[in-house]
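A short worksheet on the structure shown next.
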2 protein chains.
Amino acid sequence: MIDKTGLFDYHETMKKIELVKIFKALSSEQRLNIFIMLYNWNQTTSDATADCFCSEEGVEKCFTKACDCMDLSRSTISHHFKELENAGLITCTRIGQSSVCKVNMDAVKAIREFLE
Amino acid sequence: MIDKTGLFDYHETMKKIELVKIFKALSSEQRLNIFIMLYNWNQTTSDATADCFCSEEGVEKCFTKACDCMDLSRSTISHHFKELENAGLITCTRIGQSSVCKVNMDAVKAIREFLE
DNA sequence: TTTATTGTTCCATAATAATCGAACTTTAAC
DNA sequence: GTTAAAGTTCGATTATTATGGAACAATAAA
C-alpha cells in the first residue's frame with residue numbers, strides 16, 4: 001500500500017479493474033443464472049437429467065438450453081455469454097454447430113482471494 | 001435442486017437476488033474503491049497515516065475522506081454509500097456530524113460461500 | 001443442393017445507473 | 001443566535017446497459 005487509501009498502486013488498480021469486470025458480469029440476474037447453470041452443469045458432467053451434452057471439455061448446446069430456461073432472445077443470450085467470457089468467467093469454443101462452454105475456475109479463485 | 005437447471009427453487013432464488021445486489025454494488029469502480037477503502041480502514045484501526053478516526057465501531061469521516069480521494073461530489077458519494085448499504089455490504093450509523101461506517105463481514109462471507 | 005439449426009453482428013429503442021447542483025436538516029463551534 | 005460542516009434528498013441530464021429483430025455465416029441434415 002503506497003498511499004493512505006491503498007487505491008493508487010498500479011497492480012492493485014489492474015486487479016481492481018478485473019474485479020469490476022467480474023462483478024459487473026455477475027450483477028445481472030440473467031447472467032448470474034447463466035453462470036450458475038454452467039457451473040452446475042460443469043460439476044455434474046454425468047447428470048442424466050440434464051438434456052445437454054456434458055463432457056470433460058464443457059457443456060454443449062448451452063445457448064439453446066439457456067434460451068429455453070430464461071425467455072430471452074437468442075441475440076440477448078449471445079450478448080450475455082460474451083460478457084461472461086470477456087470478464088474471464090467462462091470460456092466458449094465452438095464444436096460443430098454448438099458452443100462448448102466452461103467455467104473458468106481461476107476467475108472464481110480470484111474473487112475468493114479478494115475476499116480474504 | 002428441483003429442476004434440471006437449478007434455477008427455480010425458492011430459497012435459491014432469494015439467495016440469488018441478494019447476490020445480484022451485492023455484485024451490482026461492487027460492479028462500479030467507484031463503489032469498489034469505497035468498499036476497499038473501508039475494508040482496509042476497518043482492518044487497520046490503529047493506522048497512524050489515516051486521517052480519519054478509526055474505532056472498533058467503524059470508520060468516521062469516511063464521506064469527506066472519500067470525496068477527497070475520488071473526485072466525486074458529495075451527493076454522488078452519498079448515493080454510492082447508500083447502495084453499498086442497501087446491498088448489505090456495509091452499515092452506517094451517524095455519530096455527531098459524521099457517519100461511522102463498517103464493513104459487514106457476513107455479506108463478504110456470503111459471496112465467499114457462493115463461490116465454493 | 002436445399003433446408004434447418006446454431007450462434008453472431010448491426011442497429012435501434014427502452015430501461016437503468018451515474019452524476020451534479022441546489023436546497024435542505026442536523027449537529028457542532030463561535 | 002450565527003456560522004460552518006456533514007450528509008441527504010430532489011430534479012435534471014448524461015452515459016451505460018439490456019433487449020430484440022433482422023440480416024448474416026457456418027455447419028449439419030434432408
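Reminder, nothing fancy here: chain letters follow the sequence lines and each chain counts from 1. All values below were derived from every heavy atom in this structure, side-chain atoms included, with hydrogens, water molecules and symmetry-related copies excluded.
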Rounded interatomic separation in angstrom, taking [atom1] from [X] and [atom2] from [N]:
| X | N | atom1 | atom2 | result |
| --- | --- | --- | --- | --- |
| A:F81 | D:dT17 | CZ | P | 20 Å |
| A:L26 | D:dA18 | CG | P | 12 Å |
| A:K82 | D:dT17 | NZ | P | 17 Å |
| B:L84 | D:dG7 | CG | P | 15 Å |

**Request:** Grab the two heavy atoms, one from B:V20 and one from A:S27, that are nearest each other, plus how far apart they are.
**Result:**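 For B:V20 versus A:S27, the nearest heavy atoms are CG1-O, 3.5 Å.
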**Item:** Least distance between heavy atoms, A:A87 atom then A:K21 atom
**Value:**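 Closest approach of A:A87 to A:K21, heavy atoms only: CB-O, 3.6 Å.
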Would you indicate whether the side-chain heavy atoms of [Y] and [X] approach each other to under 4.5 Å?
| X | Y | value |
| --- | --- | --- |
| A:M105 | A:Y39 | yes |
| B:E85 | B:K82 | yes |
| B:H80 | B:L72 | yes |

**Prompt:** Can you check side chain to side chain contact (heavy atoms under 4.5 Å, CB included) on B:F23 and A:I22, steps first, answer last?
**Reply:** CA-CA 9 Å; B:F23 287 136; A:I22 289 175; over 6 Å; no
**Complete:** Per-nt protein contacts along nucleotides 25-30 of chain C (heavy atom under 4.0 Å; B base, S backbone sugar-phosphate only, - none) come out as --BS--
**Prompt:** What is the per-nucleotide protein-contact pattern of nucleotides 15-23 of chain C, from the 5' end, where B denotes a base atom under 4.0 Å from a protein heavy atom, S denotes such proximity for sugar-phosphate atoms only, and - denotes neither?
**Reply:** --SSBBBB-
**Prompt:** Just by distance, do the side chain of B:R31 and the backbone of B:A25 share a donor-acceptor pair under 3.5 Å?
**Reply:**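 Yes; at least one donor-acceptor contact below 3.5 Å.
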**Prompt:** With no hydrogens and no angle check, is any side-chain donor or acceptor of A:S99 less than 3.5 Å from a backbone partner on A:C101?
**Reply:**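 Side chain of A:S99 to backbone of A:C101: no pair is present.
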